[in-house]
**Q** 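Have a look at this one.
Lettering of chains follows the sequences in order, A, B, ..., and the numbering in each one begins at 1. Side chains are part of it too, since the values below use all heavy atoms of this structure and drop only hydrogens, waters and symmetry mates.
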2 protein chains.
Amino acid sequence: MGIFSKTCEYAVRAVFFIAQHTADGSRVGIKEIAVKIDSPEHFLAKILQDLSKRGIIQSVKGPNGGFYLDAQSLGRPLSDVIEAVDGGGIFRDCGLGLKECSSKNPCPLHHDFLDVRNRLQSMLESITIGQFNEDLNLGIVVLKK
Amino acid sequence: MGIFSKTCEYAVRAVFFIAQHTADGSRVGIKEIAVKIDSPEHFLAKILQDLSKRGIIQSVKGPNGGFYLDAQSLGRPLSDVIEAVDGGGIFRDCGLGLKECSSKNPCPLHHDFLDVRNRLQSMLESITIGQFNEDLNLGIVVLKK
DNA sequence: ACAATAAAAGACATTTTTATCTTTTATTGT
DNA sequence: ACAATAAAAGATAAAAATGTCTTTTATTGT
Ligand code: FES
Ligand code: FES
C-alpha cells in the first residue's frame, strides 16, 4: 500500500475527476467516474456517498443527476479529502506507532518524521481541489494508469 | 494506520530495541522485546523470523539464545528494515495509486509527492540502525508509549 | 546422552480493508 | 400521476492485515 489507503486514492482521483468535469455546473455519474479513474464502481459509490454526506462533494439523484462540486467544495484544500477518508493520523501520528508523539517523548525518528509529515501536510493544505483543474485541463497531468 | 504498516512499526521498534540491548554481543529474547516495545509476542515472533531469514537481524536458538545484531546489521540503513517489511513502494509508488508514476505521466500530485518521498527515503537511508543507539542510550528518545 | 531453553514453523482466528450485488429513495421530464 | 434515472442504502463476500496458540527444531549446559 502507498502512503494513503486504496480507498483514499480512489477518493482523491474521483474528486479530481469530478472537479474537472463539473466546472460548468453539470454533474457526472458514478459509472463514468469509476471507468475513467479505474476504480470498482460500487466500492467507489460508497466512498462518494460518504464524501457527499460530509459535504466534501455534492450530489443529486435522478435524471441528469450525479456528482459535482459547488464553489465552496472547489475551494477546499485537498487535505480535507484525505482527512475525511483516512483521518488526520497521517499528519500527526508517530511513524513508529507510539501513542504519544511529542518532542518531549520522542521516538528515534521523531524529529525527522516531523519534517516529512509537515511537508506532506502543508503541500496538501496549500492547494485547493479546484486548482488542480488547470493542470488537468492542460493535459499535463493524468488520473488513470 | 500511519505511514508504515503496523507490522513495520513493530519491526522497527524491535530492531531498535535489539540494537540497544545487544551492542555488547549478548542476545535478547522475544518475550522481553515484545513487552518492552509493546507488541503482541507471537505476531512479533513471525516478523523477526522473517527479518532473521533475510539477514536483517541475527538469532540463535537454545539457552542464552535470542536475537541480536552483528556489525554488518548495525551498519545497515533503517530503510532496509522498512523495505523488508513493507516493500519499497512507499519510496516509489504514486500517491494516487497510478500504476506508472513518472514525470512524463504525472498525476496532479506527482511533483510534490516526489519531494516528500525523497525526503522520507533519504532520511531513512542516511542513518544506520546502530546510530540510533546513542539517542536511545542517552534516554532522550523512547520506544514505548 | 539428556534436559532445559528459545527460536522456527505450522495451524488457526479475528479484524480491517476492499469489493460486489440488490433494493430503496429521491429527482426529473413527460 | 408516471416512467425513467441515478444516487443512497443494505446485505454479503473475498482478500489482506493482524493476532493467538500449539508443535517442532536447534542449541546449550550439565
Ligand atoms: S514520537 Fe515517533 S514520530 Fe513523534
Ligand atoms: S504519478 Fe502520482 S506521484 Fe507520480
**Q** How many whole angstroms separate atom CZ of B/F67 from atom P of C/dT5?
**A** 18 Å
**Q** Answer yes or no: is there a donor N or O on one side and an acceptor on the other, between the side chain of B/R27 and the main chain of B/N64, under 3.5 Å?
**A**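 Yes, the answer is positive, given that a donor and an acceptor are paired below the 3.5 Å cut-off.
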**Q** Looking at D/dA15, which nucleotide sits across from it as a Watson-Crick or G-U wobble partner, both distances under 3.5 angstrom, or is there none?
**A**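 Across any shown strand, D/dA15 pairs with C/dT16.
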**Q** Please report the distance, rounded to the nearest Å, between CD in B/Q58 and P in C/dA8.
**A** 11 Å
**Q** Stepwise, does the side-chain contact (heavy atoms from CB on, under 4.5 Å) test hold for A/I57 with A/S73?
**A** CA-CA 6 Å; A/I57 67 177; A/S73 288; 5.7 Å; no
**Q** According to the Watson-Crick and G-U wobble definitions, with both distances under 3.5 Å, which nucleotide is paired to D/dT22?
**A**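 Checking every strand shown, D/dT22 finds its partner in C/dA9, with both distances under 3.5 Å.
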**Q** Ring centroid separation for A/F4 and B/F113, is it under 6.0 angstrom?
**A** yes
**Q** Shorter than 3.5 Å, N or O on both sides, protein versus nucleotides 24-27 of chain C: list them out with atom names.
**A**
| residue | atom | partner | partner atom | Å |
| --- | --- | --- | --- | --- |
| C/dT25 | O2 | A/K61 | NZ | 3.2 |
| C/dA26 | O4' | A/K61 | NZ | 3.1 |

**Q** Treat primed atoms plus P, OP1 and OP2 as sugar-phosphate and everything else as base, then score nucleotides 13-23 of chain C 5' to 3': B for base contact with protein heavy atoms under 4.0 Å, S for sugar-phosphate contact only, - for none.
**A** -----BBBBB-
**Q** For atom NZ of B/K144, decide whether the heavy atoms of other residues, nucleotides or ligands shown that lie under 6.0 angstrom number more than 12.
**A**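 Counting neighbours around NZ of B/K144, more than 12 heavy atoms of other residues, nucleotides or ligands fall under 6.0 Å, so yes.
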**Q** Measure the distance from CD on A/Q49 to P on D/dA6 and round it to the nearest whole Å.
**A** 16 Å
**Q** For a side-chain contact (heavy atoms from CB on, under 4.5 Å) with B/P108, tell me which candidate from A/V12, A/L143, A/I129 qualifies.
**A**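 Exactly one candidate clears the test, A/L143.
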**Q** In whole angstrom, what separates B/I30's CD1 from D/dG19's P?
**A**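 Computing the B/I30:CD1 to D/dG19:P distance gives 14 Å.
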**Q** Would one find a side-chain N or O of A/S59 under 4.0 angstrom from OP1 or OP2 of D/dA6?
**A** no
**Q** Hey, is the side chain of A/S52 poking within less than 4.0 Å of OP1 or OP2 on D/dA7, counting only N and O atoms?
**A** no
**Q** Please give, in whole Å, the distance from D/dA4 C1' to A/K31 NZ?
**A** 13 Å
**Q** Answer yes or no: does atom CD of B/E32 have more than 12 heavy-atom neighbours from other residues, nucleotides or ligands under 6.0 Å?
**A** yes
**Q** CD1 of B/I47 versus P of C/dA8: gap in Å, rounded?
**A**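 From B/I47 CD1 to C/dA8 P: 13 Å.
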**Q** Do the rings of B/Y10 and B/F43 sit parallel, tilted or perpendicular, given the 30° and 60° boundaries?
**A**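 B/Y10 vs B/F43 ring planes: perpendicular.
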**Q** Would you say that more than 12 heavy atoms from the other residues, nucleotides or ligands in this model lie under 6.0 Å from the CD of A/E41, or not?
**A**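 Enclosed.
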**Q** Between A/N64 (CG) and C/dT30 (C1'), how many Å, whole number?
**A** 13 Å
**Q** Show your reasoning for whether salt bridge (charged side-chain N to carboxylate O under 4.0 Å, His left out) applies to B/K46 and B/D50.
**A** CA-CA 6 Å; B/K46 295 286 182 211; B/D50 181 61; over 6 Å; no
**Q** Any strand is fair game: report the nucleotide pairing with D/dT27 by Watson-Crick or G-U wobble, both distances under 3.5 Å, or none.
**A**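 By the stated definition (distances under 3.5 Å), C/dA4 pairs with D/dT27.
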**Q** Just how far, in rounded Å, is P of D/dA17 from CG of B/D86?
**A** 9 Å
